[in-house]
Amino acid sequence: MRKMDSRATESPSLWGRALKLIGPEKGAVHLATAAVLNAVWDLWAKQEGKPLWKLLVDMDPKKLVSCLDFRYITDVLTEEEAYEILRKGQVGKKEREEQMLAHGYPAYTTSCAWLGYSDATLKQLCSEALEDGWTRFKVKVGADLQDDIRRCRLIRNMIGPEKTLMMDANQRWDVPEAVEWMAKLAEFKPLWIEEPTSPDDILGHATISKALVPLGIGVATGEQCHNRVIFKQLLQAKALQFLQIDSCRLGSVNENLSVLLMAKKFDIPVCPHAGGLGLCELVQHLIIFDFISVSASLKDRMCEYVDHLHEHFKYPVIIKKASYMPPKDAGYSTEMKEESVKKHQYPDGEVWEKLLAAQGN
């Protein structure tokens, strides 16, 4: 770590320079910005007595555009173009909102096929998911090719040829390895391969994307994208066929909206990343808004769902018939239960006390 000049305690400008060293618009600074702005949007929606998706849907397009930062992306999306997209999105908006309220936004499950699960567990979880009405499944791959082939065959045989299968490598491969590996998994007809290589390798993703087109396999990425500029370049390079926003990685609602609008311009479906602590609760608002006011399409679109840690939130997601039902409570669905916060507070919370005591022994 660089040594901090003693004058930094007296000069805000020096603090600004120091913070810029761990940014700008990426890393710790950007994640903190997202946390603060997510809280502001939550408060705004609560003040208006609306869930966040409804606040956005009801907002005048000009006012919504005024919330966005177009720096560094005007070569792809101008304020005028953004406004025009939102203006056109007003047509049929009422009907699409009614559709969401009645049927929800389609989801896919990642809970069935994590690496390390035994075949018995895979079969059990897939059977339960099928019984619950799930039709879209994602399987983790990349550790061992022969194991991937066996697991993918098992899952494809269970869900049948008509249901949707996606694969996720979690940044495992180099570019040539990704192409070779997926050529061997192509027989299982995956819709996409997610994060096949380093999330920072835009041209690598473009190479993989081009190579997999003849196999009918798309590339999905975005959960680790630092900012709207990286998304801009991925779109310009034709490096993805499915764009995955993250409600906490980018600079809150503001930056995510600019990415939704760029995706609309490039006609690339948005399939958000979710599953971590509160990510499902947050991102449902963004993708429901996207359908109602921006994309107006559900073709090849779905939102990730993982049945994990929802019990810590006051307003957890509601899934019916494998779809996210639009939240009705005011806010951004981010508020956690007081008892959960208290238990996990560092270092005096019950969870931390037990963990630290165990380490001491």
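For the numbers below, each heavy atom of this structure counts, side chains included, while hydrogens, waters and symmetry mates do not.
- Using a 4.5 Å cut-off between side-chain heavy atoms of Ile, Leu, Val, Met, Phe, Trp and Tyr, Met325 falls into a hydrophobic cluster with Ile318.
- Atom CD of Gln284 is separated from atom CD1 of Ile319 by 7.5 Å, given to the nearest 0.5 angstrom.
- In the model, Gln241 has a side-chain atom that pairs as donor or acceptor with a side-chain atom of Ser209 under 3.5 Å.
- Ion pair Glu304/Arg136 not flagged as a salt bridge, since none of the NZ, NE, NH1 or NH2 atoms sits closer than 4.0 Å to an Asp/Glu carboxylate oxygen.
- With sequence neighbours excluded, the residues satisfying salt bridge (Lys or Arg N to Asp or Glu O under 4.0 Å) with Glu350 are Lys354.
- Looking at Asp246, Thr221, Thr110 one by one, the single match for side-chain hydrogen bond (donor to acceptor under 3.5 Å, both in side chains) with His273 turns out to be Asp246.
- Taking CG of Leu56 as the reference point, atom CG of Asp290 lies at 11.0 Å (rounded to 0.5 Å).
- Scored by the ring pair (Phe, Tyr, Trp, His ring centres under 6.0 Å) test, Tyr108 finds Trp192 as partners (sequence neighbours excluded).
- The side chain to side chain donor-acceptor pair (under 3.5 Å) contacts involving residues 174-185 comprise Asp148-Trp181, where partners must be two or more places apart or lie in separate chains.
- Around atom NZ of Lys26, more than 12 heavy atoms belonging to other residues, nucleotides or ligands sit under 6.0 Å away.
- Residue Phe313 shares its hydrophobic cluster (ILVMFWY side chains chained together at separations under 4.5 Å) with Leu277, Leu309, Met336, Val341.
- Ser333 and His285 are linked by a side-chain donor-acceptor pair at a separation below 3.5 angstrom, with hydrogens and angles left out of the test.
- Here Arg87 pairs with Glu84 in a salt bridge; the nearest charged N to carboxylate O distance falls below 4.0 Å.
- Under the 4.0 Å criterion applied to side-chain N and carboxylate O atoms, Glu81 and Lys265 are assigned as salt-bridge partners.
- Rounding to the nearest 0.5 Å places CG of Asn227 at 9.5 Å from OG of Ser258.
- Counting heavy atoms from C-beta on, the side chains of Leu37 and Val253 never come closer than 4.5 Å.
- Residues that satisfy the ring pair (Phe, Tyr, Trp, His ring centres under 6.0 Å) test with His344, not counting sequence neighbours, are His312.
- The pair Asp119-Arg150 meets the salt-bridge criterion, with a side-chain N (NZ, NE, NH1 or NH2) lying under 4.0 Å from an Asp/Glu carboxylate O.
- The neighbour count for Glu339 CD, taken as heavy atoms of other residues, nucleotides or ligands under 6.0 Å away, is above 12.
- With values rounded to the nearest 0.5 angstrom, Gln345 atom CD is found 12.5 Å from Ser340 atom OG.
- Not counting sequence neighbours, the partners of Glu187 by the salt bridge (Lys or Arg N to Asp or Glu O under 4.0 Å) test are Arg153.
- Taking the side chain to side chain donor-acceptor pair (under 3.5 Å) definition, one finds that Lys343 meets it with nothing, sequence neighbours left out.
- Checking Glu128 against Gln124 by side-chain atom types alone, a donor-acceptor pair falls below 3.5 Å.
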Let me see the working for Glu194 and Lys140 under salt bridge (charged side-chain N to carboxylate O under 4.0 Å, His left out), right down to the final yes or no.
-> CA-CA 9 Å; Glu194 182 174 332; Lys140 299 288 185 175; 5.7 Å; no
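- At least one side-chain heavy atom of Trp173 sits less than 4.5 Å from a side-chain heavy atom of Met182.
- We find the OG1-CD distance between Thr33 and Glu25 to be 8.5 Å, quoted to the nearest 0.5 Å.
- For Lys321 (side chain) and Gly133 (main-chain N/O), no donor-acceptor pair under 3.5 Å exists by modelled atom type.
- Clustering of Ile, Leu, Val, Met, Phe, Trp and Tyr side chains at separations under 4.5 Å leaves Val213 isolated, with no partner residue.
- Applying the ring pair (Phe, Tyr, Trp, His ring centres under 6.0 Å) rule to Phe231 yields no partners; only residues at least two apart in sequence or on another chain are considered.
- For the pair Arg71 and Asp69, the salt-bridge criterion is met [side-chain N within less than 4.0 Å of a carboxylate O].
- Taking CZ of Phe289 as the start and NZ of Lys54 as the end, the distance is 12.5 Å to the nearest 0.5 Å.
- Within the 3.5 Å criterion, the main-chain N or O of Tyr117 finds no donor-acceptor partner in the side chain of Thr121.
- Of the N and O atoms on the side chains of Gln90 and Lys93, at least one donor lies less than 3.5 Å from an acceptor on the other residue.
- With sequence neighbours excluded, the residues satisfying side-chain contact (heavy atoms from CB on, under 4.5 Å) with Ala263 are Leu243, Val270.
- In this structure, the ring pair (Phe, Tyr, Trp, His ring centres under 6.0 Å) partners of His310, at least two apart in sequence or on a different chain, are Tyr305.
- Between the side chains of Glu223 and Gln244, no donor-acceptor pair is found at a separation under 3.5 Å.
- Taking the side chain as every heavy atom from C-beta outward, Pro272 and Leu286 never approach each other to under 4.5 Å.
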